[in-house]
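All remarks here apply to the structure that follows.
Just so it is clear: chains get the letters A, B, ... in the order the sequence lines come, proteins before strands, and each one is counted from 1. Atoms considered below: every heavy atom in the structure, side chains included; atoms not considered: hydrogens, waters and symmetry mates.
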Protein chains: 2
Amino acid sequence: MTPATLPTTRTKKGEQTKAHILETALTMFRERGYEGTTMRAGATEAGVSLGNAYYYFESKEHLIQAFYERSHLDHLAACADALENEVDLRNRLRAVIRAKLSTSMPYHRFSGLLFKTAADPRSPLNPFSDESTPLRRESTELFAEVVRGSSARIHPDLELHLPKLLWIYQMGIVLFWIHDTSPGCDRSYRLAERTVDLIVQLIKVANFPPMRPITRLALNVLADLEDNAALSATPDRSDQRQDSDDEE
Amino acid sequence: MTPATLPTTRTKKGEQTKAHILETALTMFRERGYEGTTMRAGATEAGVSLGNAYYYFESKEHLIQAFYERSHLDHLAACADALENEVDLRNRLRAVIRAKLSTSMPYHRFSGLLFKTAADPRSPLNPFSDESTPLRRESTELFAEVVRGSSARIHPDLELHLPKLLWIYQMGIVLFWIHDTSPGCDRSYRLAERTVDLIVQLIKVANFPPMRPITRLALNVLADLEDNAALSATPDRSDQRQDSDDEE
DNA sequence: GTCTATAACCGGATAGAC
DNA sequence: GTCTATCCGGTTATAGAC
């Protein structure tokens, strides 16, 4: 799918055009929102024709996919410091979630629309889609790093699933944030703060003998999910293509 | 907004027309999917003009709102029996979640699109919107009934929040189900089965003394959320209207 | 063969006549 | 309440230019 980047020929001819279109679009999304930015306006603003914009981006949604990727890089950069210097699990996780919110703030309005398309199983944008696999893997890898670099003693079976769980947890926080209209999204930050504490506590007690049966039950559910598809990071369902909605 | 139904004059003039349009649309959604059903086709099939359809339903999405309501009634009917005759919390909850999936099955494809719009904070469809408040209240009330009629001994503070938590849990299951492509959606049923067990276990141990600090922490988070808006069933933010996406 | 542009098409939504 | 005529924006077909 994604061919290796050629040595010196990178940014060949239209690579710049593509980048420019994306840049323009992202700016406009920030300023006028997603729906407020028409493909026509975006193309014009970028100095290209409508058809040309579609040459580089299959659909308007694919601009969002590009946004996701950039957004993730911002996120990585924003929490790199904490991940290097902090060993306490709670602080690490907190820094990562905070960074997620902070880096997303400029796109608060935009992100609503984003989640909208993200929830559609047929959209290439949805976080569980094949097309999102690489990014999903990178995102869970971030949480793997959160766990790995921490001083916390974690049940090995749990540690296996923790990155994915934390990734889903982050999605929950983001979903809340999207609906958050409090000034500065303070409520989201507070929720994040408190739920991080809660999660860290839960991780600790998972080891606690009387909790073991429940922990085991939970891990079984996760293992079961892993065996199949859907939430798995290694999907084996490249054959299932639902192209159209019609069937007549 | 919704005026009380007048005594004898119900089904006045176009009430039937409205009902007929909805009926037609729902059938077509089931048969051809949401996107596969154009407003034009729906109107034509129902024997009215496009403009007329829009007279009764503000937007295509508003047809979904109507679907939600019907869907909830189906759900209620499907679990009424179990709720009357069963006292075991696990069985009650299991019956309700199972019923949710079963009654939703005919709309599996449709529901994907449904969640799509549901995730948009600006959509009247989103489960947290003012417009959805009545239905949200009814849905959580169902889970309140699940808890209330059970023989389980539940920490009073927890019992207060449990209905809403279970409602959110159900949304999670539905979200999984939407992405579930396994035959008969078996994976969703199994996930539901197992997570119901898990939840019931967690409710039990919440009372367990060593778990108390964590339970308290969790309840604090919930109480905090309740004090503000967003997930609350009593929104005090009727002043925040985000009509358009443009701002130039 | 890589890029760019113009002219449609299609479907959700609105305006305004009857 | 019901219609027709239009708008508007995502998307596609297609024809050329480099």
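As a whole-Å value, the separation of A:I21 CD1 from C:dC3 C1' is 11 Å. Across the protein-nucleic acid pair, A:I64 atom CD1 and D:dG10 atom P stand 11 Å apart, rounded to whole Å. At whole-Å resolution of the value, CG in B:L63 and C1' in C:dG11 are 14 Å apart. Distance, B:R40 CZ to C:dC9 P: 14 Å, rounded to whole Å. Rounding to whole angstrom units, CD of residue B:E35 and P of C:dG12 are separated by 9 Å. As rounded to whole Å, 15 Å separates atom C1' of C:dC3 from atom CZ of A:F57. Regarding A:E58, its CD atom lies at a distance of 16 Å from the P atom of C:dC3, rounded to whole Å. To the nearest angstrom, P of C:dC9 lies 20 Å from CE of A:M39.
No more than 12 heavy atoms of other residues, nucleotides or ligands lie within 6.0 Å of CD in B:E58, so this atom counts as exposed by the packing criterion.
Using a 4.0 Å cut-off on heavy atoms, the residues of residues 44-56 of chain A that approach DNA chain D are A:L50, A:Y54, listed by number.
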Check your understanding: A:T27 and A:T24: side chain to side chain donor-acceptor pair (under 3.5 Å), yes or no, with the steps?
Key -> CA-CA 5 Å; A:T27 305; A:T24 309; over 6 Å; no
Practice item. Start with the C-alpha distance between A:S71 and A:Y107, add both sets of side-chain angles, then the distance that settles side chain to side chain donor-acceptor pair (under 3.5 Å), and finish with yes or no. Key: CA-CA 10 Å; A:S71 174; A:Y107 299 95; over 6 Å; no
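OP1 or OP2 of D:dT2 lies within a sub-4.0 Å distance of a side-chain N or O belonging to B:T17. Contact annotation: B:T38 does not reach the phosphate of C:dC10 (side-chain N/O to OP1 or OP2, under 4.0 Å).
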Please write out the pairs of protein N or O atoms and N or O atoms of nucleotides 15-18 of chain D separated by less than 3.5 Å, giving the distance to one decimal.
none

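Figure legend: cation-pi geometry between A:K164 and A:F143 absent, as NZ or CZ is not positioned both under 6.0 Å from the six-membered ring centre and within 45° of its axis. In this structure, B:K60 forms a cation-pi arrangement with B:Y34, its terminal cationic atom sitting closer than 6.0 Å to the ring centre and no more than 45° off the ring axis.
A donor-acceptor distance shorter than 3.5 angstrom exists from the side chain of B:R136 to the backbone of B:P127, with no hydrogens or angles considered.
Listed here is the closest heavy atom pair of B:L142 and B:C79: CD1-SG, 4.1 Å.
Interatomic distance, A:H179 NE2 to B:D120 CG, rounded to the nearest 0.5 Å: 7.5 Å.
With respect to the salt-bridge test (charged N to carboxylate O, under 4.0 angstrom), the residues B:E45 and B:R32 do not qualify.
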